[in-house]
Amino acid sequence: MTTIGDLIKAEAEKQKKMKLIAEHIGVSEKHIYKILRSNNIDISRLKKISEVLSHNFFEDLAKDPDLAKISDEKELEQRGLMQFWEIVPKVLRDLKIEPILVHGRPLEIEEETPLPEMMLMPYNISFTLGKTLEEKADGTELKEIMEFNSIKNREGDTVTICTNKVYGSSFYDIAIICRNEIEWKRIIQFATETVQKNNPNIKEMARNYPFNRM
């Protein structure tokens, strides 16, 4: 669904004025992306944005009120997360993978910095809610320090390889979205087989990994 936030983002990037918009409404450049994604823009900010871009977004709203609607993104995220916890543990057991999931945000990481919700250790496979980590990194400092490359299997399932440009370390990211058991099994098998090609001893490492199991 196209929102007023989508329209503003497209016009601002076209005019290369995203930084100027952030300055005019008094937020950081990375925070303006968060505002536009949430589609939560108050009238005074929308007025300033319209002035900076010389485009009357109020007219767009008058012509199409649906542009102001909040999408059902949060509802879909929660549904996807519920399916994840219902299906993925069984999938991991079926694939004979030690189901060791670590989650939580390190204290030194800023709240606005996008991070995966969970990591399958020691496979270094992450799970990010709603979108891939690459999509969530758009407009944030994370995009500057991470390199993202997508790989696909024959069915079109996408796994993103996330590489730290400074340290050269990598992990594989999978979006937590609504998937049935067959789809979850296929994409996890694709990711774990890719990891095992680079590290044949990964299953033995997993059996001895010192974290709580699901």
Side-chain angles (χ1 to χ4, degrees), residues 1-81 103-119 126-150 158 160-167 169 171 173-178:
M1 181 182 75
T2 300
T3 66
I4 194 66
D6 294 329
L7 293 182
I8 292 171
K9 181 175 179 288
E11 187 63 28
E13 291 181 341
K14 177 182 176 182
Q15 296 186 31
K16 298 181 180 179
K17 289 184 177 180
M18 193 65 78
K19 184 176 181 180
L20 187 60
I21 288 175
E23 291 173 354
H24 272 68
I25 67 174
V27 299
S28 65
E29 187 173 358
K30 68 178 181 181
H31 190 64
I32 189 64
Y33 280 95
K34 184 176 180 180
I35 292 172
L36 298 181
R37 281 198 298 270
S38 69
N39 205 39
N40 186 13
I41 309 167
D42 63 35
I43 293 175
S44 61
R45 282 180 171 176
L46 188 58
K47 181 176 182 294
K48 290 179 180 179
I49 292 171
S50 296
E51 290 170 351
V52 172
L53 297 178
S54 300
H55 181 100
N56 191 339
F57 290 101
F58 291 99
E59 287 187 356
D60 294 319
L61 286 170
K63 293 175 183 176
D64 186 0
D66 284 347
L67 291 172
K69 285 185 176 179
I70 303 298
S71 69
D72 293 330
E73 182 177 337
K74 290 296 180 183
E75 183 180 339
L76 285 172
E77 284 184 357
Q78 290 306 310
R79 192 183 308 166
L81 187 60
H103 59 89
R105 175 179 292 271
L107 293 176
E108 66 273 14
I109 302 296
E110 294 181 7
E111 189 64 32
E112 290 185 357
T113 302
L115 287 177
E117 271 63 37
M118 280 159 282
M119 183 79 74
S126 66
F127 300 92
T128 303
L129 184 60
K131 299 178 181 178
T132 65
L133 187 60
E134 179 179 14
E135 292 172 317
K136 288 196 171 184
D138 187 27
T140 73
E141 294 177 357
L142 189 63
K143 201 68 178 279
E144 299 174 8
I145 63 173
M146 300 292 294
E147 179 180 334
F148 300 96
N149 293 289
S150 296
T158 300
T160 304
I161 304 174
C162 310
T163 304
N164 187 300
K165 296 178 183 178
V166 179
Y167 300 105
S169 56
F171 58 91
D173 186 61
I174 299 173
I176 299 176
I177 58 175
C178 293

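Closest non-hydrogen pair, F58 versus L46, comes out as CE2-CD2, 3.7 Å. Nearest heavy atoms, I176 versus G80: CG2-O, 3.7 Å. Of all non-hydrogen atoms in V27 and R45, the two that sit nearest each other are CG1-NH2, 3.6 Å. Scanning all heavy atoms of the two residues, the minimum distance from E29 to M18 falls at OE2-CB, 4.1 Å. Across all non-hydrogen atoms, the minimal contact from P65 to A62 is CD-O, 4.1 Å. Across all their heavy atoms, L53 and A12 have their closest contact at CD2-CA, 3.9 Å.
Counting heavy atoms from C-beta outward, S54 and Q15 have side chains that stay 4.5 Å or more apart. When side chains are defined from C-beta on, I41 counts as touching I4, because their heavy atoms get closer than 4.5 Å. Inter-residue side-chain proximity for E117 and L81 is flagged as unmet; no heavy-atom pair is nearer than 4.5 Å. Between I32 and I25, some side-chain heavy-atom pair lies under the 4.5 Å cut-off.
A donor-acceptor pair is defined here as one N or O able to donate and one able to accept, closer than 3.5 Å; such a pair exists between the side chain of S50 and the backbone of H55. Panel note: side chain K136, backbone L129; a donor-acceptor pair is recorded below 3.5 Å.
Under the salt bridge (charged side-chain N to carboxylate O under 4.0 Å, His left out) criterion, K47 pairs with E51, sequence neighbours left out.
Checking S169 against N164 by side-chain atom types alone, no donor-acceptor pair falls below 3.5 Å. T128 and D173 form a side-chain donor-acceptor contact under 3.5 Å, judged by distance and modelled atom types alone.
Residue pairs meeting the salt bridge (Lys or Arg N to Asp or Glu O under 4.0 Å) criterion with at least one partner in residues 8-17, sequence neighbours excluded, are K9-E13, K9-D138.
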task = Given side chain to side chain contact (heavy atoms under 4.5 Å, CB included), test Y33 with T140 step by step and report yes or no.
result = CA-CA 8 Å; Y33 280 95; T140 73; over 6 Å; no

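Remark: H24 NE2 is loosely packed, at most 12 non-hydrogen atoms of other residues, nucleotides or ligands lying under 6.0 Å away.
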